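Since the model is a prediction, treat every value here as computed from it, not as a measurement. Order of the sequence lines fixes the chain letters, A, B, ..., with proteins taken first and strands second; residue numbering starts at 1 for each chain.
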2 protein chains.
Amino acid sequence: MPISIKDVAVKAGVSPSTVSRVLANNPRISPQTSERVRMVLKEMNYHPNEIARSLVRQRSRTLGLILPNAIDQFFLNPFFPEVLRGISQSARKLGYDLFLSTASQGLNDVERLDQMVQSKRVDGVILLTVKLDDPLLKHVQDTHVPAVLIGRSPGQSMVASINNDNKRAGYDATMHLLRLGHQRIGFIGGSPELILTIDRLAGYAQALSDGNVRFDPQLVTSEEFLEEGGYTGMMKLLALPTRPSAIIASDDVLAFGAMRAAGELGYHIPQDFAIVGFNDIPLAKIANPPLTTMNVHIFELGEGATTMLIDQIANRPGRSTESQIVPHDLIIRRSCGAWNPTNNLLSHLPQ
Amino acid sequence: MPISIKDVAVKAGVSPSTVSRVLANNPRISPQTSERVRMVLKEMNYHPNEIARSLVRQRSRTLGLILPNAIDQFFLNPFFPEVLRGISQSARKLGYDLFLSTASQGLNDVERLDQMVQSKRVDGVILLTVKLDDPLLKHVQDTHVPAVLIGRSPGQSMVASINNDNKRAGYDATMHLLRLGHQRIGFIGGSPELILTIDRLAGYAQALSDGNVRFDPQLVTSEEFLEEGGYTGMMKLLALPTRPSAIIASDDVLAFGAMRAAGELGYHIPQDFAIVGFNDIPLAKIANPPLTTMNVHIFELGEGATTMLIDQIANRPGRSTESQIVPHDLIIRRSCGAWNPTNNLLSHLPQ
DNA sequence: CACCATAAAGCAAACGATTGCGCACGCGGT
DNA sequence: ACCGCGTGCGCAATCGTTTGCTTTATGGTG
């Protein structure tokens with residue numbers, strides 16, 4: 001039913017090879033023939049069968065996206081659409097399509113990757129691997145498919161990756177609170193398996209140390225990576241004999257949960273607590289109060305992963321292991337009390 | 001480099017056809033041979049080349065997802081991840097993969113569809129078509145690819161579709177406010193091109209009429225489909241000589257913008273204004289106050305679209321035009337004042 | 001012992017493109 | 001008149017599967 005290159009060839013009175021070469025702008029085809037074929041092409045509204053093309057070319061101009069196994073929870077965080085937007089946009093710009101790994105119900109992630117790669121449907125994969133010891137990771141190193149990891153620090157693996165400097169980001173966020181005079185700073189993190197939790201916490205500890213503040217394990221809580229988790233984390237911190245005066249949440253969604261908990265107990269932000277989040281999700285700007293947060297440029301994360309991957313596919317013979325760091329910057333809003341310099345009374349809050 | 005069916009055949013001492021038939025569980029292969037081949041299959045960790053398969057089978061077990069052209073704005077609304085989650089989950093369950101149309105930079109949506117379909121990479125498409133006269137729509141009717149539309153009411157086209165009964169939902173939301181005693185009810189909608197805006201507004205008008213309340217065009221505003229739009233819409237309504245006592249926002253995100261506007265001007269929800277949103281996004285439950293909203297079951301929308309499409313691909317000879325309606329239900333929280341029956345004083349509020 | 005079902009597995013032709021190689025033709029140089 | 005070469009195009013193999021048809025082996029029957 002659909003028209004093939006052969007149909008076009010017949011109609012144009014040439015061989016399929018010639019049509020193919022016209023499509024490829026091969027200079028060995030005379031301008032006249034080329035023109036005639038092009039007319040027929042338009043006339044028949046021909047579009048090449050990409051499946052057949054992929055088969056003979058041995059590449060599909062398609063990128064595979066592998067989402068973490070805890071996919072449902074992941075979908076709920078605004079991180080996901082934003083990174084997908086970055087990936088999708090730059091893939092489009094570079095002429096690549098996107099393939100989402102979802103099929104193969106019974107298979108685990110490793111088998112899914114195997115299948116996606118061996119089935120030749122994708123030229124490379126982007127992995128959103130957020131947990132510390134993801135079995136996918138070992139596996140992607142063995143197989144030799146071009147790959148880029150999002151959310152994993154360079155040096156942690158033999159695979160190219162892109163990430164923020166989360167330790168540094170945690171450091172900077174904490175330092176900001178220290179400079180505002182806070183001494184007891186709580187840390188609400190996601191699951192301790194999450195790399196970003198670990199890294200940001202490390203930065204937090206480092207900053208404390210540099211600021212000569214004792215690290216108190218009581219002030220660190222790790223929760224489910226949802227608003228609800230931030231809520232319960234904050235409740236725990238508020239139940240402490242000596243409460244923190246400031247909170248670092250390793251994700252904006254957690255921060256919102258924390259703010260809700262504080263609000264329910266009658267506290268006010270930032271008067272009673274300073275709060276700093278991570279990610280700068282759209283909501284952060286419009287929350288009440290607007291949330292001070294570490295902008296980690298999620299979109300750029302997706303964008304960078306895509307360009308790195310395509311570069312790898314197109315230019316690298318083997319597989320590059322080079323990595324990239326996306327800078328972060330602290331967006332100071334009202335939730336930490338530093339918005340208006342005149343109300344920096346926070347440092348005098350009772351502990 | 002990668003192993004093919006031929007490699008397996010050689011190692012197992014059979015012909016490629018036999019291996020293929022083993023893969024297909026063809027009963028004409030003896031159990032002994034079958035077993036032997038299966039061993040080799042595992043041993044070599046063979047995975048079929050799906051590209052080659054698709055070519056000969058003329059189907060790819062892949063679904064194409066076509067997002068609206070205003071893709072960036074769309075990504076920001078929590079609707080998107082949720083519908084994608086529904087699609088992705090049920091596609092996975094049914095053994096289908098997902099293909100995102102992003103490539104072909106210069107092409108418009110119609111050409112993108114054409115290419116996706118003719119390139120044979122997908123067996124069918126799901127279209128998120130939210131605008132009233134989408135050129136894609138006319139086109140998808142001409143081409144004969146299996147397709148399902150999300151966000152378009154049945155009868156509006158010759159293509160299968162799935163949607164909420166948005167008119168009815170608008171009616172129900174409005175009726176709820178009328179029953180609470182409100183007489184002046186504002187409506188903050190998205191762009192007037194959006195079908196859901198139109199439908200929900202129609203339901204709103206109908207309910208007003210049934211409730212013997214005059215429809216006042218001044219109370220209807222249509223804004224950008226973002227939080228900011230809700231904000232400016234609310235500001236307009238608050239500037240009216242006789243302000244509304246209740247607001248219907250055609251999307252939760254708009255509702256949040258409206259709440260922010262009200263808050264900035266010193267008003268309180270629900271004491272000063274009742275607000276009802278649409279979608280029941282995760283945030284609605286945890287907002288302050290929790291938002292009364294019409295749950296339209298977005299996940300089911302994506303799920304239903306997928307099963308309908310796959311059913312069409314697998315069973316229907318031509319293309320079905322059957323449609324499906326996903327029910328809605330009003331989630332009553334605090335923002336409309338009806339949470340606690342004792343504070344239904346709203347009807348006595350000054351206008 | 002010839003004959004023929006029947007079962008099991010192989011042969012080869014697709015699917016729709018790409019591409020190395022070769023052929024025909026025309027033209028300029030010797 | 002012949003050789004050589006560049007140009008323009010077609011032939012046919014190939015990519016990795018699937019599948020209709022054929023072949024081979026086997027065992028039962030007349």
Discussion item. Looking only at the side chains, is there a donor atom on one of B:Ser30 and B:Thr33 sitting less than 3.5 Å from an acceptor on the other?
Written reply: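 Indeed, the side chains of B:Ser30 and B:Thr33 share at least one donor-acceptor pair under 3.5 Å.
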Do B:Thr307 and B:Ser90 meet the criterion of a side-chain donor-acceptor pair at a distance under 3.5 Å?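 No, no side-chain donor-acceptor contact under 3.5 Å.
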Take atom [atom1] of [X] and atom [atom2] of [N], then tell me their distance rounded to the nearest Å.
X	N	atom1	atom2	value
B:Arg57	C:dG16	CZ	P	16 Å
A:Glu50	C:dC15	CD	P	19 Å
A:Arg21	C:dC21	CZ	C1'	10 Å

Please work out if [X] contacts a base, only the sugar-phosphate, or nothing of the nucleic acid, heavy-atom cut-off 4.0 Å.
X	value
B:Arg28	base
A:Val56	base
A:Ser4	sugar-phosphate
A:Leu23	nothing
B:Ser17	base
B:Ser30	sugar-phosphate
A:Thr33	sugar-phosphate
B:Gln58	sugar-phosphate

Notebook entry, point to check: So which one's nearest nucleotide on DNA chain C is more toward 5', B:Pro16 or B:Ala52?
Noted result: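 Result: B:Pro16.
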Check: Taking C-beta and beyond as the side chain, do B:Leu98 and A:Phe99 meet within less than 4.5 Å on heavy atoms?
Finding: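 B:Leu98 does not reach A:Phe99 side chain to side chain.
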* Going by heavy atoms in the side chains, are A:Glu50 and A:Leu55 under 4.5 Å from each other? ->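 When only atoms from C-beta onward are counted, A:Leu55 and A:Glu50 do not touch, as no gap falls below 4.5 Å.
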Worksheet item: So does A:Tyr46 get a side-chain nitrogen or oxygen closer than 4.0 Å to the phosphate oxygens (OP1/OP2) of C:dG16?
Response: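 No, no such contact exists.
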Out of the candidates A:Ile29, A:Val8, A:Ile5, only one should pair with A:Thr18 under the side-chain contact (heavy atoms from CB on, under 4.5 Å) rule; please name it.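 Looking at A:Ile29, A:Val8, A:Ile5, the match for A:Thr18 under the side-chain contact (heavy atoms from CB on, under 4.5 Å) is A:Ile29.
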Heavy-atom contact window of chain A on DNA chain D, given 5' to 3' at under 4.0 Å: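 Under 4.0 Å from chain A, the extent on DNA chain D is D:dT7 to D:dG16.
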Tell me which donor-acceptor pairs under 3.5 Å the side chains of residues 35-44 of chain B have, and how far apart each pair is, sequence neighbours excluded?
| residue | atom | partner | partner atom | Å |
| --- | --- | --- | --- | --- |
| B:Arg36 | NH1 | B:Ala12 | O | 2.5 |
| B:Arg38 | NH2 | B:Ser34 | OG | 2.8 |
| B:Glu43 | OE2 | B:Lys11 | NZ | 3.3 |

| said: What I want to find out is whether A:Arg121 reaches B:Asp97 closely enough, with some N-O distance under 4.0 Å, to be called a salt bridge. | reply: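 Answer for the salt bridge query: yes.
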